[in-house]
Every structure is written in structure tokens, then in C-alpha cells.
Amino acid sequence: MANLATTALKGRHFLRVADWKSDELTVTLDLADELKALLTRGAPHRLLPGRSLALIFNKPSTRTRVSFEVGICQLGGTGVSITAEHTHLARGETLKDTACVLSRYVDAIVIRTVAQSEVDELANHSSVPVINALTDSSHPCQALADVMTIRERFGQLKGVRLAYLGDGNNVCSSLMVAAAKLGMSFVGAFPDGFEPTEQAQADAREAAAESGGSVEITRSPEQAAAGADVLYTDVWVSMGQEAERDLRLAALEAYRIDEHILALAGPEALVMHCLPAHYGEEISEEIVHGPRSAVWDQTENRLHAQKALMALVLR
Ligand code: CP
Ligand code: NVA
């Protein structure tokens, strides 16, 4: 495993995609492919014997939590899942003190929470790597698995046209920046007011200028889908946005991935969704379980991509 010779990433936080260089992302994807192959043929790969991981979840999770817990176990380590409400965080202990405490026990901290600033605060005071497992504004671990899946299917990322339709949310923002860094052609179709943040757009445009990729934003789902190699969507109501449900569904109705949109994309175009899906809203169950879907590989690749990430950043 040539990639393991690299020590450059030891101790690094993974807080947002924009913080990592394209070659650092590529090293992670290469190792993820290797770890996937090893697991598939039942070969041992206990790269982190005796290491431990704290997992703080302030929002629900199925995939992220399970893939991190299983992943650290397969690497020879142990994961400790913490629900904030059962810790002193819920009683006012600061993130700073929590970071100092956990740094004395574990080799890395995974956190899913509301504000990106909470992840940054934890990282500022942690002496072990902090991994962002989703905030309101980003989901970098999802983006890693997504580009891994696209590269696996197309053999490359440069020039692959990725169309994202719907809400320019956390998943979209991280994916857009990752795609731009890796030379992809990203096109997002969003209703007025649902675009990714200015910061995410600026990060993506800067990355695309360096990589030779491109970033385009349109109001037209048809224009985005035309000739796309990958069609991607996510839920219209993210965790914490439940009060805006009616408004969001009405605004996003025209951005559904359906048979009409599929027909506009390339004949071999893949469909992706980070899950959980809300069938009848952004996509149908038939499409997610249909022949064009890469969703189940995408969800599996969360495990391999995060194992690679842990193997590279944990000391
Ligand atoms: N895609 C994703 O992050 O899923 P979970 O919310 O189940 O972790
Ligand atoms: N955008 C969704 C992603 C879930 C993995 C949310 O934040 O709820």
C-alpha cells in the first residue's frame, strides 16, 4: 500500500473539502480503493491497531455513524459513540474543554452538529484530528464517497459532467467543491434562494480555475440534466428545516429527478443520492432502486472512503 508511505496527512483535521488540496483528496481516494479491494477479498488491513475514535452526534445518522464505527473496528481500533445529550455538553461544558478532555483519551474525534463554527471550535482546541460528519453547511465525508463512486464507475473524474438538482445544501456544497477540485464539470440547478452559499460557490470557482474543471449554476433543471453523466439530488428538507417543509416542497417541486430528467441525461448517466431519500419528493423509489442507480455503491463507499481518511490522519 504505497499510499501509506505518506505521513503528510497525519494529524490533519477534515473540516471542509476546501481545506484539502486536490492531490490530498486523490491520495485518500486511492487508498479507499485499495482498502475496498482488501476488504472484498477478505485480506486483513488492521492499519490502526489499538486506536480509538470518539463519535459525537448531535443529529440523527444511520450511514455515517455505522460506517465510522464499523470502519475503525475493521482497521483494528475502537469507536465510542457519544450522544451530546448524554454528556456534559448538554449541561454547558464547553466545546473547548470537551476537546481537551477527548484529546487525552482518543486518537480522533468525529462530530456531526448544526453549526460549522462548532466543528471549528472543537478542532481549534483538539490535539487529535477532528472529522466533520455533517454540519448545516457541509458534509465533506459524503463528498469523498461520492467522488470515489464516480471515479470507480467512469475510471476518471476529469471532464465528467455532474448535474445536481434541488437544494443547494450541505451535501451539494461539499460535493460541488470536491468536483471542482478534481477537474469535474459541475452544474447545479436551484430555484431562486436555494443556491449553495456564496462561500461554497467561491471555493468551487477558485478550485475549478486551478483544476481545469468548471462550475455552472442555472435555474433550469433541464439545462443541467442535458448531457449529464451523473444526476445527483438530496432531500428538500434537511435535518433542522422541518418548520420550512411546505415552503421548501413548493419551491423545489420542479427540481425532482424523474423519468423526464433521466431522459435528458446521457444514456449511461448514473443517478446518485446521499440518502436518506424522501420518495415522492426529490426522487422516486423506482429510480433509486433502478438500473441507473449508483446509490448503493455510493452508500457502501462511505465505509471505504472514511477508513482511508482515518488511516491517513490518525497518528
Ligand atoms: N448520507 C448520510 O450522511 O446519511 P446519515 O445521515 O444516515 O449518516
Ligand atoms: N441534507 C441532508 C443530508 C443528510 C445526510 C441533511 O442535512 O439532513
Side-chain angles (χ1 to χ4, degrees), residues 14-17 32 53-72 79 81-84 109-119 131-150 164-178 188-191 193-197 200 230-245 247-249 251-252 255-257 271-279 281-283 288 293-307 309-310:
F14 189 57
L15 309 182
R16 46 176 74 67
V17 174
L53 188 69
L55 298 122
I56 304 173
F57 279 84
N58 292 339
K59 289 180 176 179
S61 169
T62 300
R63 284 142 285 270
T64 308
R65 185 197 297 258
V66 175
S67 53
F68 267 114
E69 285 198 23
V70 171
I72 187 71
S81 256
I82 302 165
T83 309
I109 304 169
V110 170
I111 178 166
R112 166 170 291 194
T113 194
V114 176
Q116 185 77 28
S117 59
E118 295 174 79
V119 177
I131 298 175
N132 174 359
L134 180 146
T135 66
D136 281 358
S137 60
S138 67
H139 197 359
C141 291
Q142 181 68 54
L144 264 189
D146 295 343
V147 290
M148 175 184 176
T149 307
I150 296 168
Y164 181 104
L165 274 62
D167 185 17
N169 60 16
N170 45 7
V171 167
C172 175
S173 296
S174 294
L175 178 63
M176 177 175 69
V177 177
F190 313 104
F194 289 78
E195 304 86 355
T197 59
V230 181
L231 293 167
Y232 197 119
T233 192
D234 182 19
V235 291
W236 291 345
V237 183
S238 283
M239 292 179 275
Q241 297 176 331
E242 292 76 9
E244 302 168 15
R245 182 175 169 77
L247 178 155
R248 295 183 144 270
L249 263 52
L252 289 154
Y255 292 79
R256 172 175 297 118
I257 293 187
V271 175
M272 296 179 70
H273 190 309
C274 61
L275 300 178
H278 283 225
Y279 296 137
E281 294 178 15
E282 76 278 2
I283 201 163
V288 168
S293 172
V295 168
W296 309 108
D297 287 346
Q298 183 186 0
T299 209
E300 177 186 330
N301 287 339
R302 296 293 307 276
L303 173 69
H304 310 301
Q306 289 158 201
K307 281 168 71 180
L309 183 62
M310 289 189 280

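None of these values were measured; they are calculated from a predicted model. All ligand and atom numbering here is 1-based and tracks the order in the structure.
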Original post:
What's the spacing between Ser174 OG and Asn169 CG if we round to 0.5 Å?
Top reply: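 If I round to the nearest 0.5 Å, the distance is 9.0 Å.
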Original post:
Judged by modelled atom types alone, do Asn170 and Ser137 share a side-chain donor-acceptor pair under 3.5 Å?
Top reply: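 Side-chain D/A pair, Asn170 to Ser137: absent.
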**OP:** Please determine, by modelled atom types, if Asn132 and Ser138 share a side-chain donor-acceptor pair under 3.5 angstrom.
**Re:**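 Yes, because at least one side-chain N or O of Asn132 sits under 3.5 Å from a partner of the opposite role on Ser138.
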Subject >> Side-chain ion pair, Arg302 and Asp146, N-O less than 4.0 Å >> reply: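 Salt bridge: no.
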Original post:
Does the distance from a Lys or Arg side-chain N to an Asp or Glu carboxylate O, for Glu282 and Arg248, drop under 4.0 Å?
Top reply: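 Result for this pair is no, no salt bridge flagged.
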**OP:** Hey, could you give me each pair passing salt bridge (Lys or Arg N to Asp or Glu O under 4.0 Å) that has a residue in residues 232-241? Not counting sequence neighbours.
**Re:**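 Not a single pair qualifies under salt bridge (Lys or Arg N to Asp or Glu O under 4.0 Å).
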**OP:** Kindly give the heavy-atom pair with the smallest separation between Ile82 and Ala54, and that separation in Å.
**Re:**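 What the structure gives for the nearest pair is CD1-CB, 4.1 Å.
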Original post:
Do the rings of Phe190 and Tyr164 sit parallel, tilted or perpendicular, given the 30° and 60° boundaries?
Top reply: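 Ring orientation of Phe190 relative to Tyr164: tilted.
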**OP:** Taking only heavy atoms of the protein into account, state which residues are under 4.0 angstrom from an atom of ligand 2, in chain and number order.
**Re:**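 These residues qualify: Leu134, Asn169, Asn170, Val171, Asp234, Val235, Ser238, Met239, Leu275.
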**OP:** Output all residues satisfying ring pair (Phe, Tyr, Trp, His ring centres under 6.0 Å) with Phe68, sequence neighbours left out; order by chain, then residue number.
**Re:**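 Counting only residues at least two positions away or on another chain, Phe68 forms no ring pair (Phe, Tyr, Trp, His ring centres under 6.0 Å).
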Original post:
Any idea which residues sit under 4.0 Å from ligand 1, heavy-atom distances?
Top reply: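 Under the 4.0 Å cut-off, ligand 1 touches Ser61, Thr62, Arg63, Thr64, Arg112, His139, Gln142, Cys274, Leu275, Arg302.
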